[in-house]
Amino acid sequence: MNNNDKRGTTLSERTLSGLGWSYLSTFVKAFLSLLVLVILARLLTPVDFGLLGIAWIFITLGNRFGQAFVGPAVIQRAELTDTHIQVGFTLSVLIGIAIAAMIWLLAPFIGDFFRESTATQVLQVLSVIFIINGIGSVPTHLLRRDLRFRELMVADILAYCIGYGFTAIALAFQGYGVWSLVWGEIMHKVVHTIMVIRYTRMPLHPRWALPEATDLLSRGAGFSLARSFEFIARQGGYFVIGRWLGAASLGYFTRADKLIMLPRNYVSQSLFHVLFPAMAQRQQGTERLATIYLHGSEVLSLVALPVSAMLFVCAPEIVSVILGGQWDPVVVLLQILAFAVLFQMCDILNFAVIGAVGAVYRQAWRQGIHAFLVVGGAWYASRWGLEAVVIVIVGAQVLAYLLLTQLTVSLLGMRWRHLLRCSLPALWVGAWAAAALWLTAGQVRAMELPAGPALVLELLAWFTALIAALYYAPSYARPVSVKWALTNIPFEVLGMPGSYMRKGCKWLAREREDC
């Protein structure tokens, strides 16, 4: 296959450019998300977030089930015709309408099950999201397939600003409670759908062809099954907590989960959106995929372990600064969930490789085990309280990571020792960063500083120790990705940021004979 597109750029250059735009979008969205969270956490109550959390269990399930039938198949298919695109659009809209109707009809029973009548109304209003997503699914995945992440960045940021930055906050100030979140999310989806349709200029008219529909559905069924189990694993804890521990407990858990998922959502999730389509175009070259997987694992673990230590130690200050005083129970939940950061972030590489080579049915049964352990274990642990449920969720996440990594290693023809070797730099850097952070936190808390200045001092010590440990690492703990990046990555595609990235790699490699 020719790796040059019609503009003359190689697949590697387009992939790197896509990563650049994706991460720029990530950092902007992370800032906006934190800003919105700080504001809404002071305007709304844990019950408001808990009510949305109950509805979101079923909204997320419907989205995973509906969009996964067509969208990922559009990316994974090697050759895509206009007929595939139009039939895929028709299928997405029909599936969205069907799921919206089903959720509307089931909403009263769901509200009764959770003993929250307001959840019924929230769920019925939010059901319109399935139709909106059905319209925007194929255009969104077409942009991802073509690695057009600049356009996706504009759509994501504009939609978030209008949906949450304006609509949700304005309604929350007016005292609309949970409905500010509901209408903020609907506006977010509407704006995003309008933008991606505008960028793809895709004709919005239905078309039906049985061969193309069968092809897309057969490919998409595996993705849908795997993502449905992934959803159950992710949201199973929400279900158990909301039903047996109440909306307030669910509100605490959703805020802790929101904070702990920021590294995954705004670092590794962006990586997945770029790597999945890029790997799908290289799906026949497993040696190349294995190289990318190993270097990606080293880089992600270098990020994840220090971040995990930071979230664990700084949890009291983070909760106080971001959420405020009414959210103190979130501290211990955040500390428990911090142990899952490494596995959540590195799992993204497993999903990208497995999806690219089409082994989604083998992925599905492993995620089925994960889902069963989360729901069953959380239900059993609920008799001991919220903290016990969270411990079970983290344990299930670790086991799921091991199962999916075993599948990825076998698909790529690697051995576990290759992957373990990639973890040594992260273990070295994480240990020194954690030690410096622990000592600093003890000192600033003894001084009884306000939470804001205390957090700043802790993060300065953490970052300084991280950089020093990375630079002065012994030979066995040096990241081999530095040398590989300098010789294989076209940093010039990123312009000025790329030149600084190259300088940073050379700085790390200096006096180590890495270049």
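FYI, side chains are in, hydrogens and waters are out, and symmetry mates aren't considered; it's all heavy atoms of this structure. By convention here, the first residue in the shown sequence is residue 1.
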Check: Less than 4.5 Å apart, any side-chain heavy atom of F166 and any of Y160?
Finding: no
Item checked: Donor-acceptor side-chain pairing of D257 and T254 below 3.5 angstrom -> no
Notebook entry, point to check: With a 4.5 Å heavy-atom cut-off, do L302 and L470 have their side chains touching?
Noted result: yes
Checklist line | Minimal non-hydrogen separation, V389 against A378, with atom names | finding: CG2-O, 3.6 Å
Notebook entry, point to check: Is the shortest heavy-atom distance from the side chain of C314 to the side chain of L437 under 4.5 Å?
Noted result: yes
Next item on the list: Would you kindly check if the NZ (Lys) or CZ (Arg) of R383 is within the cone defined by 45 degrees around the ring axis of Y380 and under 6.0 Å from the six-membered ring centre?
Entry: yes
Note to self: So, taking the atom named CG in L171 and the one named CG in L44, what distance separates them when rounded to the nearest 0.5 Å?
What the structure shows: 10.0 Å
Check: Do R255 and F49 meet the cation-pi criteria used here (NZ or CZ under 6.0 Å from the six-membered ring centre, within 45° of the axis)?
Finding: yes
Notebook entry, point to check: Given the side-chain rings of F372 and F229, with only the six-membered ring counted for Trp, is the space between their centroids under 6.0 Å?
Noted result: no
Next item on the list: Report yes or no: is the cationic atom of R243 (NZ for Lys, CZ for Arg) closer than 6.0 Å to the six-membered ring centre of F113, at no more than 45° off its axis?
Entry: yes
Next item on the list: Go through the steps to decide whether H192 and V196 satisfy the test side chain to side chain contact (heavy atoms under 4.5 Å, CB included), and finish with yes or no.
Entry: CA-CA 6 Å; H192 187 273; V196 295; 3.6 Å; yes
Next item on the list: Taking all heavy atoms of G53 and all of L250, pick out the closest pair and write down the distance.
Entry: C-CD2, 4.0 Å
Next item on the list: Might you point out which heavy atoms bring A465 and A433 nearest each other, and give the distance in Å?
Entry: CB-CA, 4.0 Å
Next item on the list: Begin from the C-alpha positions of F58 and L106 and carry the test side chain to side chain contact (heavy atoms under 4.5 Å, CB included) through to its verdict.
Entry: CA-CA 10 Å; F58 303 94; L106 291 177; over 6 Å; no
Note to self: If only side-chain N and O atoms count, and only distance matters, is there a donor-acceptor pair under 3.5 Å linking Y401 with Q344?
What the structure shows: no
Margin query: So Y199 and V154, do their side chains get closer than 4.5 Å, heavy atoms only?
Written below: yes
Next item on the list: Dump the intermediate steps for side chain to side chain contact (heavy atoms under 4.5 Å, CB included) on F351 and Q363, then the final yes or no.
Entry: CA-CA 8 Å; F351 294 149; Q363 173 188 352; 3.3 Å; yes
Notebook entry, point to check: Salt bridge or not for E317 and R445, using N-O below 4.0 Å?
Noted result: yes
